[in-house]
Amino acid sequence: MRKAVLATATVLAAGLIAGTAALPASASNDGPGDVHPSLRGDLVAYYDFDHPARGDSALERDQGRSGTEIDLVNGGADMRVRDRAYRGSGNALQTRQVDPAVAGNDDWKAGIYGQPGVRTLRPFNAVAGTTVMGWFKVDMDAPALNSNTADPADRFNAIGLAGVLTGDSDGHGVRALLELIDVNGELRLVALGRRIDGGNSQTFAADQPWQAVLPRGEWVHLAATFNFADGTLALYRNGQPLSGFYTRTDDPWLVNGPGPHVTTASDPRGIKIGGSFPQDTREQNPCDCRMDSLMFLDTVVSARDVEKQYRHMVRGR
């Protein structure tokens with residue numbers, strides 16, 4: 001099953017990269033009903049895990065404007081589970097580590113990967129801002145055991161949620177990412193971004209303990225914004241801003257000089273969800289989690305609109 005799924009994803013990615021395949025149908029002009037009208041025009045990719053691709057249930061159709069289908073890696077259709085993140089939602093995505101004792105490639109995660117870049121994700125090419133948001137339910141108390149080392153007690157230093165890869169990524173390096181990662185010896189929720197391919201990243205970490213932000217077994221709406229024009233980031237929980245701090249106080253994105261400042265003019269190599277390496281060549285930072293309504297936008301969504309989106313979902317459209 002996994003080989004068949006990956007073969008399908010490889011063919012799809014090749015078409016998207018080369019520009020020879022027809023794009024999947026994107027959302028209507030009105031946009032998905034679960035997305036607030038103020039955000040629909042900037043919605044590049046949106047996954048609610050209620051729309052398997054026709055003829056291949058191991059692929060999830062994009063309800064945003066880009067038509068970027070993603071692969072449900074290793075678990076295929078079994079990764080869609082009945083669990084309502086909010087009123088009106090249907091399926092959720094289940095990601096998880098499968099065997100921490102084996103350096104195999106069997107973890108459940110999702111995404112797409114292609115070289116030199118995924119053409120349908122071109123809105124994130126030379127962009128001034130990006131937003132990643134969605135619903136997350138964590139079922140783990142610490143990063144997973146590290147399947148890539150011989151030490152049976154060694155753990156990864158992060159729990160991957162969702163992000164957009166850089167234009168030169170090996171499947172791990174990101175342009176915009178929501179993640180739980182070790183910051184000064186303590187796991188924290190972060191927005192981690194990189195403006196220039198191959199350049200330095202900046203991280204904005206939440207002040208609150210991560211278990212308070214993401215209590216085990218509880219659905220939480222998270223959003224992260226990346227303003228590449230002025231070098232600022234922000235985090236939100238259930239529609240409200242989270243206080244936090246930058247892990248660097250210098251200028252890692254090189255925005256202090258003359259602008260305009262945008263990301264590298266390269267198409268991202270994909271999207272990663274629930275762990276790194278969506279091409280399934282390595283296990284890294286798996287998330288024993290459920291996720292729903294993942295949104296990737298090519299703008300910095302305002303605090304007001306993040307709250308609107310959250311309320312739009314919890315109150316029902």
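These numbers come from the heavy atoms of this one structure, side chains and all, not from hydrogens, waters or symmetry mates. Residues: numbered from 1 along the sequence shown.
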Donor-acceptor contact below 3.5 Å, side chain Arg155 vs main chain Asn146: no
Considering all heavy atoms, the nearest Gly33-His312 contact: O-NE2, 2.8 Å
Under 3.5 Å donor-acceptor, Asp50 side chain and Asn91 backbone: yes
Close side-chain approach of Pro209 and Leu187, heavy atoms under 4.5 Å: no
Main-chain N/O of Ser169 paired with Arg269 side-chain donor or acceptor, under 3.5 Å: yes
Sub-4.5 Å side-chain heavy-atom contact between Leu214 and Leu222: yes
Minimal non-hydrogen separation, Asp106 against Glu283, with atom names: OD1-OE2, 2.9 Å
Positive for side chain to side chain donor-acceptor pair (under 3.5 Å) with Arg175, one of Asp197, Thr264, Thr130, Thr166: Asp197
Glu69 to Ile112 - nearest heavy-atom pair and separation: O-CD1, 3.5 Å
Evaluation steps, side chain to side chain contact (heavy atoms under 4.5 Å, CB included), between Asp207 and Phe245: CA-CA 7 Å; Asp207 285 326; Phe245 59 93; 3.3 Å; yes
Closest approach of Arg248 to Gln202 (non-hydrogen atoms, all atoms of both residues): O-NE2, 3.2 Å
Heavy-atom check, side chain of Phe226 versus side chain of Thr131, under 4.5 Å: no
Asp151 and Thr149: CA distance, side-chain angles, deciding distance, side-chain hydrogen bond (donor to acceptor under 3.5 Å, both in side chains) verdict: CA-CA 6 Å; Asp151 183 353; Thr149 65; over 6 Å; no
Closest approach of Ser57 to Leu72 (non-hydrogen atoms, all atoms of both residues): O-CD1, 4.2 Å
Same apolar cluster: Tyr86 and Leu39, side chain cutoff 4.5 Å: yes
Salt bridge present between Asp107 and Lys109 (N-O < 4.0 angstrom): no
Least distance between heavy atoms, Gly193 atom then Leu233 atom: N-CD2, 4.1 Å
N-O pairing of Arg65 and Asp298 below 4.0 Å: yes
Short side-chain donor-acceptor distance under 3.5 Å, Asn157 and Asp182: no
Phe277 reachable from Leu177 in the ILVMFWY side-chain graph, under 4.5 Å edges: no
Minimum side-chain heavy-atom gap Ile271-Ile273 below 4.5 Å: yes
Whether Ser147 side chain and Ala101 backbone form a donor-acceptor pair below 3.5 Å: no
Note, Lys137 side chain near Glu218 side chain (heavy atom, < 4.5 Å): no
Distance (rounded to the nearest 0.5 Å) between Leu192 CG and Leu178 CG: 10.0 Å
ILVMFWY cluster, Leu161 and Leu242 together (side-chain gap under 4.5 Å): yes
Exam field: side chain Asp62 to backbone Tyr46, donor-acceptor pair closer than 3.5 Å: yes
Beyond-backbone contact of Ile70 with Phe49, side-chain heavy atoms, under 4.5 angstrom: yes
Heavy-atom donor-acceptor pair, Tyr236 side chain to Thr225 backbone, under 3.5 Å: no
Charged tip of Arg96 within 45° of Trp108 ring normal and under 6.0 Å: yes
Atom pair CE/CE of Met133 and Met313 - distance to nearest 0.5 Å: 8.5 Å
Heavy-atom side-chain proximity of Phe204 to Leu235 below 4.5 angstrom: yes
Results of side-chain hydrogen bond (donor to acceptor under 3.5 Å, both in side chains) for Asn125 - residues two or more places apart only: Asp267
Steps toward side chain to side chain contact (heavy atoms under 4.5 Å, CB included) verdict (Gln240, Glu307): CA-CA 6 Å; Gln240 298 301 308; Glu307 183 177 13; 3.3 Å; yes
Aromatic contact, Phe228 with Trp253 (centres under 6.0 Å): yes
Side-chain donor-acceptor pair present, Ser293, Tyr47, cut-off under 3.5 Å: no
Exam field: side chain His36 to backbone Val306, donor-acceptor pair closer than 3.5 Å: no
Check: His172 main-chain N/O paired with Gln284 side-chain donor or acceptor under 3.5 Å: no
Worked verdict on Arg80 versus Glu60 for salt bridge (Lys or Arg N to Asp or Glu O under 4.0 Å): CA-CA 10 Å; Arg80 293 187 188 88; Glu60 177 70 18; 2.9 Å; yes
Distance in Å, Asp280 CG paired with Asn105 CG, rounded so as to fall on 0.5 Å steps: 5.0 Å
Steps toward side chain to side chain contact (heavy atoms under 4.5 Å, CB included) verdict (Glu179, Val132): CA-CA 11 Å; Glu179 184 173 49; Val132 178; over 6 Å; no
Side chains of Arg216 and Val138 in contact at under 4.5 Å (non-hydrogen atoms): no
Spatial distance of atom SG (Cys289) from atom CD (Gln97) [nearest 0.5 Å]: 11.5 Å
Residues, nucleotides or ligands: over 12 heavy atoms within 6.0 Å of Asn148 CG: yes
Heavy-atom donor-acceptor pair, Asn227 side chain to Gly231 backbone, under 3.5 Å: no
Polar side-chain atom of Asp305 near backbone of Lys308 as donor-acceptor pair, under 3.5 Å: no
hydrophobic_cluster_shared for Met291 and Val220, side chain cutoff 4.5 Å: yes
Transitive ILVMFWY side-chain link Val314 to Trp219, under 4.5 Å: yes
Asp48 side, atom CG; Met295 side, atom CE - distance, nearest 0.5 Å: 11.0 Å
Glu186/Arg188 salt bridge by N-O under 4.0 Å criterion: yes
Side chain to side chain contact (heavy atoms under 4.5 Å, CB included) assessment of Phe136 paired with Arg290: CA-CA 6 Å; Phe136 302 88; Arg290 291 185 177 183; over 6 Å; no
Point-to-point distance, once rounded to the nearest 0.5 Å, from CG of Asp250 to CG of Asn200: 7.5 Å
Thr120 and Thr68 side chains, donor-acceptor separation under 3.5 Å: yes
